[in-house]
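Note sheet for the following structure.
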There are 2 protein chains.
Amino acid sequence: MLKKSVLMPFKTGSHNHDQCIDLALAEAESACRRQGLRFTRLRRRVLELVWSRHIPMKAYDILDELRRDGRGAAPPTVYRALDFLLDAGLVHRIESLNAYVGCGGPGKPHIGQFLICRQCNAVAEIDAPAIAQALTQDAKGLGFRADTQTVEIKGLCSECSVSA
Amino acid sequence: MLKKSVLMPFKTGSHNHDQCIDLALAEAESACRRQGLRFTRLRRRVLELVWSRHIPMKAYDILDELRRDGRGAAPPTVYRALDFLLDAGLVHRIESLNAYVGCGGPGKPHIGQFLICRQCNAVAEIDAPAIAQALTQDAKGLGFRADTQTVEIKGLCSECSVSA
DNA sequence: CACTATACTGTTATAATATAACGTCCTGGG
DNA sequence: CCCAGGACGTTATATTATAACAGTATAGTG
């Protein structure tokens with residue numbers, strides 16, 4: 001079995017989160033430059049909001065924040081920015097929550113798997129290529145040509161396991 | 001690697017679909033009897049509609065059909081029936097589509113994985129315990145206690161692969 | 001520098017998905 | 001029969017997402 005890597009560990013405890021955000025924004029900046037994409041003020045701000053905590057953010061929560069910024073903002077404002085960030089590989093959508101998280105490994109192509117804590121909502125992103133390949137292979141056995149995978153696991157993170 | 005089983009194969013071609021539905025309803029009937037659950041007229045009808053084709057059905061499409069039946073029906077009517085069927089293990093929700101499919105193996109406890117054709121929307125359900133276990137195990141390595149998994153794979157089924 | 005094509009954003013309206021809250025009715029167990 | 005709980009009807013509303021079109025900014029070109 002190939003080793004899995006952890007693209008984004010749980011970060012429920014205290015850590016220098018400003019640093020997380022700064023790093024994510026800097027990586028996004030350079031990823032966009034490399035790909036010739038326009039990392040505008042709005043997109044940057046939306047990404048910053050997605051990264052504001054290590055939990056999935058809802059589109060309308062982001063919208064509320066934008067409005068608090070004093071910016072004229074309506075649903076399309078945030079959905080368009082999110083679509084851009086998704087296409088650019090800078091955020092992931094959590095289908096089972098209708099919410100968005102920052103990508104733990106922008107630039108490095110990967111098929112992420114997500115662990116989501118029911119209690120505190122914290123999310124971790126792992127990259128287990130062996131699992132992704134096994135799924136693709138099983139699908140192939142049925143004549144199915146897989147192109148994308150959604151893998152989301154719910155449960156309790158270690159911190160919440162203790163207190164539960 | 002453990003062998004995967006196919007709980008519900010693709011059925012895009014012609015087959016005796018009435019038989020599919022009858023079987024599903026009969027299995028549901030007996031599963032409910034075994035568990036002391038009430039398989040009412042409404043719940044039976046909703047399950048029949050979920051099974052009406054081998055593609056995921058949307059809640060509001062089911063609602064439209066119920067209304068066509070002449071029944072007084074509003075969103076809670078269908079969502080309550082779907083919640084019952086989900087709890088009873090008779091249908092699955094496809095998170096990435098906000099839609100519902102009949103369960104291919106009611107009674108047998110399993111963690112399903114879904115293959116969804118982008119072209120024709122057909123769905124297959126497989127049960128690959130090795131994959132489910134590998135995910136649970138990887139999660140455990142991060143101190144995460146997994147309880148549910150959402151695994152949905154999009155791509156092209158064999159029929160659509162040919163014509164694409 | 002002006003021009004223009006294109007991408008980005010603002011704005012209004014509306015579609016699609018889902019739940020809250022409360023009342024009535026039905027059904028099974030005492 | 002009675003009644004307790006579950007199932008269903010009904011109205012209203014919350015949540016999530018997109019369509020359509022107008023105005024603005026920006027990069028590339030001449």
Side-chain angles (χ1 to χ4, degrees), chain A residues 28-29 32-50 55-88 90-101 121 150 152, chain B residues 28-29 32-50 55-88 90-101 121 150 152:
Chain A
E29 185 99 44
C32 287
R33 199 180 313 270
R34 269 197 311 283
Q35 302 178 253
L37 300 174
R38 287 162 67 180
F39 193 52
T40 63
R41 224 167 173 49
L42 172 65
R43 289 165 177 176
R44 179 186 189 86
R45 177 65 177 140
V46 170
L47 182 60
E48 186 180 14
L49 289 168
V50 168
I55 64 175
M57 293 290 287
K58 300 276 200 171
Y60 275 72
D61 292 339
I62 293 169
L63 180 54
D64 288 345
E65 293 296 334
L66 289 180
R67 284 175 167 157
R68 236 165 260 151
D69 288 351
R71 181 191 294 277
T77 309
V78 62
Y79 282 105
R80 283 190 295 226
L82 287 169
D83 284 347
F84 169 86
L85 295 170
L86 287 165
D87 287 349
L90 298 171
V91 306
H92 295 288
R93 178 176 158 82
I94 306 296
E95 297 291 348
S96 60
L97 298 177
N98 299 326
Y100 305 82
V101 289
N121 296 317
T150 299
E152 298 171 8
Chain B
E29 185 99 44
C32 287
R33 198 180 316 269
R34 269 198 312 281
Q35 302 179 253
L37 300 174
R38 290 162 66 179
F39 193 53
T40 63
R41 224 166 174 47
L42 173 65
R43 289 165 177 176
R44 179 186 190 84
R45 178 61 178 141
V46 170
L47 182 61
E48 187 181 14
L49 289 168
V50 168
I55 65 174
M57 293 288 287
K58 299 274 197 172
Y60 276 71
D61 291 341
I62 293 170
L63 179 56
D64 289 344
E65 293 295 334
L66 289 180
R67 283 176 167 157
R68 236 165 259 150
D69 289 352
R71 181 191 294 276
T77 309
V78 63
Y79 281 106
R80 281 190 295 227
L82 287 170
D83 284 346
F84 169 86
L85 296 169
L86 286 165
D87 286 348
L90 298 171
V91 306
H92 295 288
R93 178 176 159 82
I94 305 296
E95 297 291 349
S96 59
L97 298 177
N98 299 327
Y100 305 82
V101 289
N121 295 317
T150 299
E152 299 171 9

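Protein chains get the first letters and strands the later ones, always in sequence-line order, with residue 1 at the start of each.
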Expressed as a whole number of angstroms, how long is the span from [X]:[atom1] to [N]:[atom2]?
X: B:L82; N: D:dC8; atom1: CG; atom2: P; result: 12 Å
X: A:D87; N: C:dA7; atom1: CG; atom2: P; result: 13 Å
X: A:F39; N: C:dT9; atom1: CZ; atom2: P; result: 11 Å
X: A:L97; N: C:dT17; atom1: CG; atom2: P; result: 18 Å
X: A:R45; N: C:dT9; atom1: CZ; atom2: C1'; result: 17 Å
X: A:Y79; N: C:dA13; atom1: OH; atom2: C1'; result: 16 Å
X: B:L63; N: D:dT10; atom1: CG; atom2: C1'; result: 13 Å
X: B:N98; N: D:dT18; atom1: CG; atom2: P; result: 10 Å

Tell me which nucleotide among [options] gets nearest to the side chain of [X].
X: A:P75; options: D:dT18, C:dA18, C:dG10; answer: D:dT18
X: A:R80; options: D:dA17, C:dG10, C:dT17; answer: C:dG10
X: A:R38; options: C:dT11, C:dT9, C:dA7; answer: C:dA7
X: B:T40; options: C:dT11, D:dT18, D:dC8; answer: D:dC8

| said: Quick check on C:dA16: is either OP1 or OP2 less than 4.0 Å from any side-chain nitrogen or oxygen of B:K58? | reply: no
inquiry  = Measuring to OP1 and OP2 of C:dT11, would you say a side-chain N or O of A:R71 lies under 4.0 angstrom away?
reply    = no
Can you check whether B:Y60 stacks with the C:dT17 base, using ring centres under 5.5 Å and planes within 30°? yes
On DNA chain D, more 5' by nearest nucleotide between B:P76 and B:R41 is B:R41
> Looking at side-chain heavy atoms only, is the closest gap between B:R44 and B:R41 below 4.5 Å?
Replying inline: no
Discussion item. What contact category does A:R44 fall into here, base, sugar-phosphate, or nothing, at under 4.0 angstrom with non-hydrogen atoms?
Written reply: nothing
Smallest heavy-atom separation, B:L66 atom then B:A73 atom, equals CB-CB, 3.9 Å
Closest non-hydrogen atoms of A:A88 and A:Q35, given as atom of the first, atom of the second and distance, are O-OE1, 4.0 Å
* To do: Report, as yes or no, whether the 6.0 Å neighbourhood of atom CZ on B:R71 holds more than 12 heavy atoms from other residues, nucleotides or ligands.
  => yes
Just distance, no hydrogens or angles: give the donor-acceptor pairs under 3.5 Å from side chains in residues 94-101 of chain B, sequence neighbours left out.
residue : atom : partner : partner atom : Å
B:E95   : OE1  : B:R93   : NE           : 3.1
B:S96   : OG   : B:E152  : OE1          : 2.6
B:S96   : OG   : B:K154  : NZ           : 3.2
B:N98   : OD1  : B:R93   : NH2          : 2.9
B:Y100  : OH   : B:R93   : NH1          : 2.8

